[in-house]
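Inspection log for the structure reproduced underneath, given as C-alpha cells.
The first residue in the sequence is number 1, and the count goes up from there.
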Amino acid sequence: MTTPLALGPVGNVFYFVDDLEAAVEWYSARLGRTPIQRGGALVAFDIDGVRLTLHENDDYNSSGPAGVSAYWTVTDVDAIVADWTAHGAVAHRGPKTVFTGERLCQMLDPFGNLFSVRQAPAEMDVNG
C-alpha cells in the first residue's frame, strides 16, 4: 500500500487578469480587505489564512474558467451573489442547493474568472 501524500489545506488560489489594478480595486471593494503583498505581476490578499493572488495574464496562464473551482465558505451565498452581481460579477452556475444541503454558486468576476462560494447546510459546521 502506498503512503498517502500529506496535503495541507488550500494555501493560495490564483486568478489571472488582464488589468491588475482594476482587479485589485474590484476585489478590495468586494472582499473589504486590502492587499497584503504586491510584487511585479501579482497582488495577494489574505482571506482568513488562505491567499487569494491576482496575477497578470502571461504566456503561461490567462483568465477564465478552465475546469477548476475553489469554493470559499461563506455564511450567506445569496447575499454574496446579490452584492457581487450588483458590482459586475455574473452568476455562472447557481445559486442552488445541492443534494448535500450545501448552497453553492459559481460567479464570473468582471475579469472572466470563476469565484465560487458555498454555504454549509444548517447541520454542518461553517468550516465543514
Side-chain angles (χ1 to χ4, degrees):
M1 181 171 180
T2 10
T3 304
L5 177 62
L7 293 173
V10 172
N12 200 339
V13 176
F14 271 68
Y15 289 133
F16 291 86
V17 298
D18 282 324
D19 185 338
L20 185 60
E21 288 311 311
V24 169
E25 183 178 323
W26 193 87
Y27 271 98
S28 292
R30 302 290 69 72
L31 298 171
R33 300 165 195 254
T34 57
I36 60 165
Q37 186 177 39
R38 287 178 174 263
L42 63 85
V43 175
F45 293 86
D46 177 62
I47 312 295
D48 301 325
V50 177
R51 282 193 179 207
L52 170 59
T53 300
L54 303 175
H55 193 296
E56 286 181 337
N57 289 342
D58 59 23
D59 292 339
Y60 298 101
N61 295 95
S62 59
S63 56
V68 175
S69 186
Y71 281 81
W72 299 87
T73 300
V74 298
T75 56
D76 187 342
V77 163
D78 295 306
I80 299 292
V81 172
D83 178 55
W84 286 42
T85 57
H87 290 93
V90 175
H92 177 70
R93 186 175 192 159
K96 63 182 178 176
T97 302
V98 296
F99 75 97
T100 60
E102 293 172 287
R103 187 112 174 106
L104 305 174
C105 189
Q106 294 177 355
M107 294 176 285
L108 288 169
D109 71 15
F111 315 98
N113 294 297
L114 279 178
F115 190 97
S116 301
V117 291
R118 72 176 282 275
Q119 179 179 333
E123 66 275 4
M124 284 180 62
D125 177 22
V126 171
N127 296 316

Note: Leu108 and His92 closest approach over all heavy atoms is CD1-ND1, 3.6 Å

Between Thr53 and Asn12, does any side-chain donor sit less than 3.5 Å from a side-chain acceptor?
yes

Less than 4.0 Å between a side-chain N and a carboxylate O, is that true for Arg38 and Glu21?
yes

Remaining members of Ile36's ILVMFWY cluster at a side-chain heavy-atom cut-off under 4.5 Å?
none

Keeping the roles fixed (side chain from Glu56, backbone from Ala41), state whether a donor-acceptor pair exists under 3.5 Å.
no

Verdict with reasoning, Val90 to Met107, per side chain to side chain contact (heavy atoms under 4.5 Å, CB included):
CA-CA 5 Å; Val90 175; Met107 294 176 285; over 6 Å; no

Between Phe111 and Asp19, what is the shortest heavy-atom contact and its length?
CE2-O, 4.4 Å

Can you find a heavy atom in the side chain of Thr75 that is under 4.5 Å from one in the side chain of Gln119?
no

Would a 4.5 Å heavy-atom cut-off, applied to side chains only, mark Arg103 and Pro95 as touching?
yes

Between CG of Asn57 and CG of Asn61, what distance do you get to the nearest 0.5 Å?
8.5 Å

Applying the 4.5 Å side-chain criterion to the ILVMFWY set and letting contacts propagate, would Val77 and Leu31 be lumped into a single cluster?
yes

Could you check Tyr15, Tyr27, Trp26 and say which one makes a side-chain hydrogen bond (donor to acceptor under 3.5 Å, both in side chains) with Asp109?
Tyr27

By the rule that ILVMFWY residues connect when side-chain heavy atoms come within less than 4.5 angstrom, directly or transitively, which residues belong alongside Tyr60?
none

Working to the nearest 0.5 angstrom, can you tell me the gap between Asp18 CG and Ser63 OG?
5.0 Å

Should Val117 and Trp84 be marked as a side chain to side chain contact (heavy atoms under 4.5 Å, CB included) after you check the CA-CA gap, both sets of side-chain angles, and the distance that decides it?
CA-CA 11 Å; Val117 291; Trp84 286 42; over 6 Å; no

Are any of the side-chain heavy atoms of Phe14 and Leu54 separated by less than 4.5 Å?
no

Evaluate the side-chain proximity of Phe115 to Leu52: yes if any heavy-atom separation is below 4.5 Å, no if none is.
yes

Taking atom CD of Gln106 and atom CZ of Arg118, what is their separation to the nearest 0.5 Å?
14.0 Å

If every non-hydrogen atom of Asn113 is compared with every non-hydrogen atom of Gly64, which pair is closest and at what distance?
OD1-N, 3.1 Å

Given the rule that I, L, V, M, F, W and Y join up when any side-chain heavy atoms are under 4.5 Å apart, are Val13 and Val24 in one cluster?
yes

Between Glu102 and Tyr71, is any side-chain donor less than 3.5 angstrom from a side-chain acceptor?
no

Closest non-hydrogen atom pair between Pro65 and Gly112, with its separation:
CD-O, 3.2 Å

Closest contact, heavy atoms only, Pro35 versus Val43:
CB-CG1, 3.3 Å

Closest non-hydrogen atom pair, His55 against Leu20
N-CD1, 4.3 Å

One should read off an interatomic distance between Thr73 OG1 and Ile47 CD1, to the nearest 0.5 angstrom, of 12.5 Å

Once rounded to the nearest 0.5 Å, what's the spacing between atom NZ of Lys96 and atom SG of Cys105?
9.5 Å

One thing to verify: whether Arg33 and Asp46 come together as a salt bridge, which I'm taking to mean a side-chain N less than 4.0 angstrom from a carboxylate O.
no

Find the distance between CZ (Arg93) and OG (Ser69) and round it off to the nearest 0.5 Å.
9.5 Å

